[in-house]
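Structure first, commentary second.
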Amino acid sequence: MQLSDKYQPQEIEDKWYEYWIENKFFHSTPDSRQPYTIVIPPPNVTGMLHMGHMLNNTLQDVLVRRARQKGLNACWVPGTDHASIATEAKVVAKLASEGIQKKDLTREEFLRHAWEWKEKHGGIILKQLRKLGASCDWDRTCFTMDDTRTEGVLKVFCDLYEKGKIYRGVRMVHWDPKALTALSDEEVVYKESQGKLYYLRYMLEGSDRYLVVATTRPETILGDTAVCLNPKDPRYADIPENARVMVPLVGRSIPVIRDEYVDIEFGTGALKVTPAHDVNDYMLGEKYGLETIDIFNDNGTINDKVGLYVGMDRFECRRVIENDLQNAGLLEKVEAYTNNVGYSERTGVAIEPKLSMQWFMSMKEISKPATKAVLEDVIKFVPEKYKNTYRHWMENIKDWCISRQLWWGQRIPAYYLPKGGYVVAPTSEEALRLAREKSGNPNLALSDLRQDEDVLDTWFSSWLWPISVFDGIRNPDNEEIKYYYPTNDLVTGPDIIFFWVARMIMAGYEYRQLPPFRNVYFTGIVRDKLGRKMSKQLGNSPDPLELIKQYGADGVRVAMMLCTSAGNDLMFDEALCEQGRNFGNKIWNAFRLVSGWQVDKTKPQPEECRKAVEWFTHKLNRAALEMNANFDSYRLSDALKTMYSLFWDDFSAWYLEIIKPQYQCPIDGRTLEETKNFFEKLMELMHPFMPFITEEIWHAIRERGEKQTIVLARQMEAEQIDVTLLERFTLLEEVVTNIRNIRKQNNIPQRESLRLKLISDENYPEEFESILLKIGNLSSIERVSQGETLDQGFIVKTTQYFVPQSQSVDKEKLRAELEADLKYQEGFLRSVMAKLTNERFVNGAPKAVVDKEYAKKSDSEAKIAALREQLEALK
RNA sequence: GGGAGUUUAGCUCAGCUGGUUUAGAGCAUCUGCCUUACAAGCAGAGGGUCGGGGGUUCGAAUCCCUCAACUCCCACCA
């Protein structure tokens with residue numbers, strides 16, 4: 001078999017993915033095994049894979065694949081989110097490009113277009129995930145708006161309504177004038193914006209005096225219904241109790257009220273009150289029974305309530321009004337001002353606070369068990385710091401605005417009766433029954449009822465995800481939900497901790513009395529190597545599929561894993577993909593080496609091979625243990641690094657070099673067998689990180705029956721580890737390194753053998769002498785009592801070694817090196833002695849620590865003595 | 001305004017409950033090698049007063065205080 005000396009991932013990745021799918025290795029059904037479940041954070045149905053998804057899904061896949069190999073019944077449920085507002089915006093834009101306006105369509109027509117769009121673009125992202133190697137159970141793919149999930153959502157809505165937890169009412173909400181819908185608090189992002197502070201004159205009625213009011217939004221004067229002063233403000237002490245002022249330009253007379261809410265320090269200490277367009281003003285309006293004048297149309301233009309600036313956009317109006325105020329002499333001054341303005345998370349336009357009729361969900365009660373679960377670690381957050389963030393939000397939770405003035409989504413199952421009032425029911429039939437009952441009119445027809453026009457917030461379906469994917473809302477007693485729920489790990493970004501994580505926990509306790517998952521692993525944000533967020537505008541976001549094409553899925557996965565640690569942002573650098581690809585190549589070539597060996601089964605196992613096998617057995621066991629510990633504490637990057645260095649440094653650079661037979665000589669059967677065994681175990685341990693190459697090699701290294709797969713291969717259980725053996729081997733490594741250094745310093749090629757002399761003591765790893773002879777390419781190892789003039793010496797721990805030189809060595813250089821070493825050792829010894837001569841240390845520190853210091857002291861002294869001897873010999 | 005986090009080698013980060021050296025890794029750099037698995041490689045080397053200052057301790061990168069810089073979250077005084 002001729003194997004390329006470069007690993008070509010593209011040639012094997014698709015092949016194995018198909019193999020896995022065909023054989024349903026990722027498919028899970030309940031059985032007697034313990035389950036391990038992850039539900040995917042559903043990406044937007046029409047979205048494209050970006051680097052955040054790559055990170056997030058690589059992590060999930062690593063966790064799932066490892067669980068599967070540990071013999072658990074692993075189930076990773078994939079799916080997509082209908083992403084109400086985002087998808088509707090895309091469909092509206094697409095229609096607009098075809099000259100179709102949404103307002104010209106009926107709801108049914110629009111939804112037809114939307115579903116068409118979904119069928120065409122939906123699920124691309126799930127196909128992309130396969131390229132990454134994601135081992136999802138695709139048979140279970142769900143959509144937040146498919147029939148099952150929708151039924152569940154409606155059932156929950158009705159249930160919460162009946163429990164009195166969902167109510168309808170007029171409230172001040174965040175209004176998105178572009179998407180024409182209300183938003184929840186969480187969908188608003190505040191950004192610092194450069195604005196102006198306008199000082200306006202409000203003339204006092206029946207007087208020449210005026211009050212100066214500072215505002216950032218002069219256009220809202222159209223809706224002013226009062227001016228408010230602080231009662232303690234001495235500047236306004238002489239303003240009469242029942243004073244009234246004229247709204248500039250508008251000429252409306254409004255009262256001057258007094259409330260301590262007003263900050264004396266800010267602006268002029270006088271506040272204009274616009275109850276329809278500011279949350280705080282709204283509260284003042286409630287308190288003082290002020291009139292509420294809504295001056296905006298839904299799209300942010302001025303309506304005809306006041307009769308001025310009608311139809312003008314709010315920002316245009318601001319400019320024009322500034323000019324008009326100026327001309328009317330009502331503008332005192334304008335200052336530059338930086339303030340925080342809320343923007344719609346989805347459409348990016350400035351939010352307009354708006355008074356409107358919406359559906360809300362009371363959160364106070366439902367949040368209680370959810371708060372407790374996290375604080376008491378029933379659900380563990382990794383990293384823990386997010387517990388604080390979570391607690392703070394939960395303890396100050398506000399009611400959730402769940403209605404959206406959109407069409408793409410689950411329509412609110414409330415039906416209005418012709419003569420007022422409404423009923424809530426999961427189906428129109430049920431609604432009709434209730435309506436007849438409520439109205440006392442048995443002849444009421446379905447056509448008499450009018451269903452609420454609004455749909456539900458997308459998160460009102462995704463908060464049920466861990467339950468609804470197992471149909472646990474509609475059929476709470478089904479086998480699947482009982483088996484898979486609670487799920488194990490959730491991997492997601494901290495940016496949706498409130499949107500999604502917190503609400504899922506609430507739903508979990510409300511509908512299953514159990515948490516939805518046991519652990520939440522929060523990833524960081526993927527940034528570029530300069531630390532900037534990835535964005536389309538900057539063009540700094542690589543195309544994940546392009547990366548996979550170039551470096552292989554395994555390579556990109558390794559790149560993601562190398563730079564991630566829970567909760568910390570990661571600086572992604574394409575160089576990491578290169579490193580990942582190179583690692584794959586390294587594995588590939590190690591395999592080429594081993595697979596190319598001829599075997600002679602009659603040949604006895606050489607001593608150095610026997611010792612190497614013994615050593616690597618322990619090395620492998622220790623790494624496996626370390627990796628387990630890393631996984632247990634979600635240090636996934638460290639888990640990979642452990643395997644990376646085990647394979648590259650210990651297995652390739654040491655083990656394979658030791659057992660490698662002479663050119664064109666066969667290897668003995670036993671060593672080959674044990675080496676294949678190691679290789680196989682290494683592949684199994686690394687499989688969660690690099691699923692494709694490990695499967696390829698796992699099959700190539702041994703005869704495998706049909707339908708066998710590394711995906712289901714049980715990972716080795718780590719055994720007893722001989723720590724002393726491993727430590728003594730590092731002494732050997734140091735000796736070899738020193739010999740290599742001497743070769744390099746004296747330009748002695750590796751193929752030229754050397755003699756080695758040593759003054760043997762307990763720190764000479766003589767049990768590995770056969771290895772030393774081979775790796776050092778030594779012709780002999782001789783025990784002596786001292787070195788000679790022509791020898792170049794070195795010391796490992798306390799043992800002195802000498803390499804006889806044919807020609808004279810650079811004594812000055814040698815002496816300088818030995819002296820530097822001596823200086824370091826003396827300094828070190830001093831620091832040890834400082835402790836040991838300190839009575840408080842000797843008496844105060846634990847015995848083990850003190851003993852360690854004594855050991856350091858004697859080692860150091862021995863080494864110093866050896867160094868002095870060698871320096872003496874140099875003279 | 002409130003809170004959280006970060007600061008260790010040129011870069012990215014480990015360093016977990018204070019004691020394995022006078023601080024580690026990977027990448028990058030430098031030197032020598034196309035040695036028969038791998039130049040996507042091998043062998044070796046250099047590089048840090050652990051953000052500044054103070055304190056606790058026999059002992060501090062690690063604990064406490066303080067200052068500084070950066071990042072994020074929450075709140076939203078017009």
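Just so you know, these numbers use all the heavy atoms, side chains as well, and skip hydrogens, waters and symmetry mates. Quick note on labels: first sequence line is chain A, next is B, and so on, each numbered from 1. Since we're looking at a predicted model, the values are computed, not measured.
Atom NZ in A:K529 sits about 21 Å away from atom P in B:G26, given to the nearest Å. The CG-P distance, from A:D278 to B:A78, rounds to 9 Å in whole Å. A straight line from CG of A:N340 to C1' of B:A78 spans 13 Å, rounded to a whole angstrom. A:E345 places its CD atom 11 Å from the P atom of B:C74, with the value rounded to the nearest Å. One interatomic measurement links the two molecules: CG of A:L530 to C1' of B:U71, which rounds to 16 Å at whole-angstrom precision. A:E839 places its CD atom 11 Å from the C1' atom of B:C58, with the value rounded to the nearest Å. Atoms CG (A:D185) and P (B:C73) sit 16 Å apart, rounded to a whole Å. Taking atom CG on A:L562 and atom P on B:G26, their separation rounds to 12 Å, with Å as the unit.
A:Y551 comes within contact range of no nucleotide atom at all, as no heavy-atom separation falls under 4.0 Å. Here A:A575 lies out of heavy-atom contact (under 4.0 Å) with every strand. Nucleic acid contact for A:P749: none, since no nucleic acid atom lies under 4.0 Å from a heavy atom of the residue. A:Y337 comes within 4.0 angstrom of the backbone, heavy atoms only, and of no base. Residue-level contact check: A:Y386 touches neither bases nor backbone, having no heavy atom under 4.0 Å from any strand.
Across B:G26, B:U21, B:U20, the shortest atom-to-atom separation from the side chain of A:Y824 is found for B:U21. Nearest nucleotide to the side chain of A:N838, out of B:A4, B:C58, B:A78: B:C58. Of the candidate nucleotides B:C74, B:G26, B:A78, B:C74 has the atom nearest to the side chain of A:F498.
A:E332 and A:Y198 are not linked by any side-chain donor-acceptor pair at a separation below 3.5 angstrom, with hydrogens and angles left out of the test. Judged by distance alone, the side chains of A:N339 and A:Q194 never bring a donor and an acceptor atom under 3.5 Å apart. For the residue pair A:K272 and A:T274, a side-chain donor N or O sits within less than 3.5 Å of a side-chain acceptor on the partner. In the model, A:S184 has a side-chain atom that pairs as donor or acceptor with a side-chain atom of A:E187 under 3.5 Å. Defined by atom type and a distance below 3.5 Å, a donor-acceptor pair is missing between the side-chain atoms of A:S193 and A:N340.
A:F381 has its ring centre no less than 6.0 Å from the ring centre of A:Y386.
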Requested in this report: Take A:F647 and A:F679 through the ring pair (Phe, Tyr, Trp, His ring centres under 6.0 Å) test and state the conclusion after the steps.
Outcome: CA-CA 9 Å; A:F647 193 93; A:F679 219 123; 5.7 Å; yes
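On the C1' atoms, B:C76 is 43 Å away from B:G18, given to the nearest whole Å. Straight-line distance between the P atoms of B:U31 and B:A4: roughly 49 Å, to the nearest whole Å. Annotation: B:G15 and B:G48 have their C1' atoms spaced 14 Å apart (nearest Å). The C1' atoms of B:A25 and B:C65 are separated by 33 Å, rounded to the nearest whole Å. A distance of about 16 Å separates the C1' atoms of B:G26 and B:A40, rounded to the whole Å. B:C42 and B:U6: their C1' atoms are spaced 38 Å apart (whole Å). For B:G44 and B:G52, the C1' atoms lie 37 Å apart once the distance is rounded to whole Å. Annotation: B:G46 and B:G55 have their P atoms spaced 35 Å apart (nearest Å).
Checked for salt-bridge contact, A:R217 and A:E219 meet the test: a charged N lies under 4.0 Å from a carboxylate O. Note on A:K398 versus A:D185: no salt bridge recorded, every NZ/NE/NH1/NH2 to OD/OE distance being 4.0 Å or above. Look at A:E861 and A:K857 and you find a salt bridge, because one of the NZ, NE, NH1 or NH2 atoms lies within 4.0 Å of a carboxylate O, short of that distance. The pair A:E335-A:K196 does not meet the salt-bridge criterion, since no charged nitrogen lies less than 4.0 angstrom from a carboxylate oxygen. A salt bridge does not link A:D859 to A:K863: none of the charged side-chain nitrogens sits closer than 4.0 Å to a carboxylate oxygen. Between A:K774 and A:E657 there is no salt bridge, since no side-chain nitrogen of the basic residue lies less than 4.0 Å from a carboxylate oxygen of the acidic one.
In this structure a side-chain-to-backbone donor-acceptor pair under 3.5 Å is present from A:R743 to A:G776.
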Query raised in the report: In dot-bracket, 5' to 3', how would RNA chain B read with Watson-Crick or G-U wobble pairs under 3.5 Å, [ ] for crossing ones and | for pairs to another strand?
Result: (((((((..((((.....[....)))).(((((.......))))).....(((((..]....))))))))))))....
Query raised in the report: Quick one: what's the B/S/- string for nucleotides 34-47 of chain B, heavy-atom cutoff under 4.0 Å, read 5' to 3'?
Result: -SBBBSBSSBSS--
If you restrict it to nitrogen or oxygen atoms, what contacts under 3.5 Å exist between nucleotides 13-16 of chain B and the protein, and what is each distance?
from: B:A14; atom 1: O3'; to: A:R635; atom 2: NH2; distance (Å): 3.2
from: B:G15; atom 1: OP1; to: A:R635; atom 2: NH1; distance (Å): 3.2
from: B:G15; atom 1: OP1; to: A:R635; atom 2: NH2; distance (Å): 2.4

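Heavy-atom nearest nucleotides on RNA chain B were determined for A:V832 and for A:R527, and the one closer to the 5' end corresponds to A:V832.
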